[in-house]
There are 2 protein chains.
Amino acid sequence: MPLTEAGIYAAALRLIDADGVEALTMRKLATALDANPMSLYHHVPNKEALLRGVARMAGAQFRTVALEDAPWQERIRLLATDFRTLAHRHPRLIAYSFSHQPDFIQHEDPFLVALTAILGAAGVPLPEIPETIALVCSVVTGVLTAELNGALHQWASIEPPAVPTADDSGSERPGPDEDRVFRLVLDTLVTGLESRLTADRDGQAGRR
Amino acid sequence: MPLTEAGIYAAALRLIDADGVEALTMRKLATALDANPMSLYHHVPNKEALLRGVARMAGAQFRTVALEDAPWQERIRLLATDFRTLAHRHPRLIAYSFSHQPDFIQHEDPFLVALTAILGAAGVPLPEIPETIALVCSVVTGVLTAELNGALHQWASIEPPAVPTADDSGSERPGPDEDRVFRLVLDTLVTGLESRLTADRDGQAGRR
DNA sequence: ACCTGAACACCGTTCAAGT
DNA sequence: ACCTGAACACCGTTCAAGT
């Protein structure tokens, strides 16, 4: 079968899922496609563009349901959880994209469209929408990056220093649980947003 | 002068600050040190260990003041801001470390020691300290990563969709301001933590 | 238009040999 | 102990030549 841009991206994504972005090589990709390494360059200008294309293709798999009638708190939780599902599907690529592709989450993406709608429904004033988008995206990509690269696990496994309160050996802490910390981050984000909105409504004008 | 481990790290850090981690090469580093590329391997086992060493050295520059009498909210803000100062000093290295070195923030680091103390002073129950550390580290590294790689700027620059409320052309939004979003993230984090602590104190037991 | 072989300018790292 | 030259097994990409 002939080489196509989409076929190249799909093969690259398979290799990345299997061995990570750093192991992806134009030469290995060509071998996987049963092609000459140089043939790739007729469909993709260079390796960086290849990785952007793969990320765009994987990002297009993002799906979320609208739930327009639910409270905004629930909607934003669902949106973040759906994003996490995508991250789990292609962890190596998504981790790479978060750190190397500042434009991975783009204006027209369903994620941002949904987020903007939710923040509007929550009552965030229009001029504060962009900075609130930045806030939410930072927090969500932050916790997902930490989960994907293992930092979250390490942090959550840190033993409380000293102060062994009586006998703790029987309680058997259930072990670090990424799900739990992810929910904790979402709870904190939502609660923090709620407080800001309430304060705004109560008439506090000046924001420094 | 003879090659030393510390000297190698320092030279590597200079090259990274100037041209980024991806431009650092054993061969270029050797040239900068006026040495043979192979001489480096007598002081550092390989490139990955080199980068870990450089990160450890840069991380050791982290400084923060205790402020033990201030309210925990102010202390956590200061701690995060001091960490941001370090990130600004070596942006390329720190961005790399956040995404590639899950153990960049380690148990004994002054940052984690201070954070643990602050959370304890805030009244976070001992068994919840680790997950709260994970929460705070995720959020702080998340917003710093986004700032360092430019995503924060992009997100904060997104124009509110449609709904041009009358004449907006004279208002001249002050342009995306990373400082502002960073403070917003901290405010949200602190407020979210406050709410959890208050809820806990009010006697709500069960945590899912 | 699409493919390809040879080549260029690099990499990190091994290894045997030097002092 | 520390250094070094040559070499190995790779990279991404250019370019002229093929069909």
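Letters A, B, ... mirror the listed sequences (proteins, then strands); counts begin at 1.
- A:Glu22 has its CD atom 16 Å from the C1' atom of D:dC10, to the nearest Å.
- For A:Ser39 and C:dT4, the shortest distance from a side-chain N or O to OP1 or OP2 is below 4.0 Å.
- Between A:Asn46 and the phosphate of D:dG12, there is no side-chain N or O to OP1/OP2 separation shorter than 4.0 Å.
- Residue A:Thr25 has no polar side-chain atom (N or O) positioned under 4.0 Å from OP1 or OP2 of D:dC10.
- Considering only side-chain atoms of B:Arg27, the nucleotide from D:dA7, C:dG5, D:dC11 that sits closest is D:dA7.
- Per the geometry, OH belonging to A:Tyr41 stands 15 Å off P belonging to C:dC3, to the nearest Å.
- Comparing C:dA9 with D:dA9, their P atoms sit 22 Å apart, to the nearest whole Å.
- Across all strands shown, D:dT14 is found opposite C:dA6 as a Watson-Crick or G-U wobble partner, with both distances under 3.5 Å.
- When side chains are defined from C-beta on, A:Phe83 counts as touching A:Leu144, because their heavy atoms get closer than 4.5 Å.
- One atom, CG of A:Asn36, and another, P of C:dA6, lie 10 Å apart when rounded to the nearest Å.
- Applying the 4.0 Å criterion to OP1 and OP2 of C:dC3, one finds that A:His43 has a side-chain N or O inside that range.
- With DNA chain C read from its 5' end, the first of the two nearest nucleotides for B:Lys28 and B:Pro45 is the one closest to B:Lys28.
- Rounded to whole angstrom, the span from the CG atom of B:Asp34 across to the P atom of D:dC3 amounts to 13 Å.
- The shortest non-hydrogen separation linking A:His43 to A:Leu3 is NE2-O, 3.3 Å.
- Candidate nucleotides C:dT13, D:dG12, C:dC3 were compared by shortest atom distance to the side chain of A:Leu3, and C:dC3 ranks first.
- Residue contacts shown for B:Met38 include a base, since a base heavy atom lies under 4.0 Å away.
- With salt bridges taken as basic N to acidic carboxylate O contacts below 4.0 Å, none links B:Asp177 and B:Arg183.
- For the pair B:Leu29 CG and C:dC11 P, the interatomic distance rounds to 12 Å; values are reported in whole Å.
- Not a single donor-acceptor contact under 3.5 angstrom links the side-chain atoms of B:His42 to the base of D:dC2.
- The separation between B:Leu40 atom CG and D:dC2 atom P is 14 Å, rounded to whole Å.
- A:Glu5 places its CD atom 13 Å from the P atom of C:dC3, with the value rounded to the nearest Å.
- Between the CG atom of A:Leu78 and the CD1 atom of A:Ile118 there is a distance of 7.5 Å, given to the nearest 0.5 Å.
- The CD1-P distance, from A:Ile8 to C:dC2, rounds to 11 Å in whole Å.
- Annotation: A:Glu48, atom CD; neighbour count of heavy atoms from other residues, nucleotides and ligands within 6.0 Å does not exceed 12.
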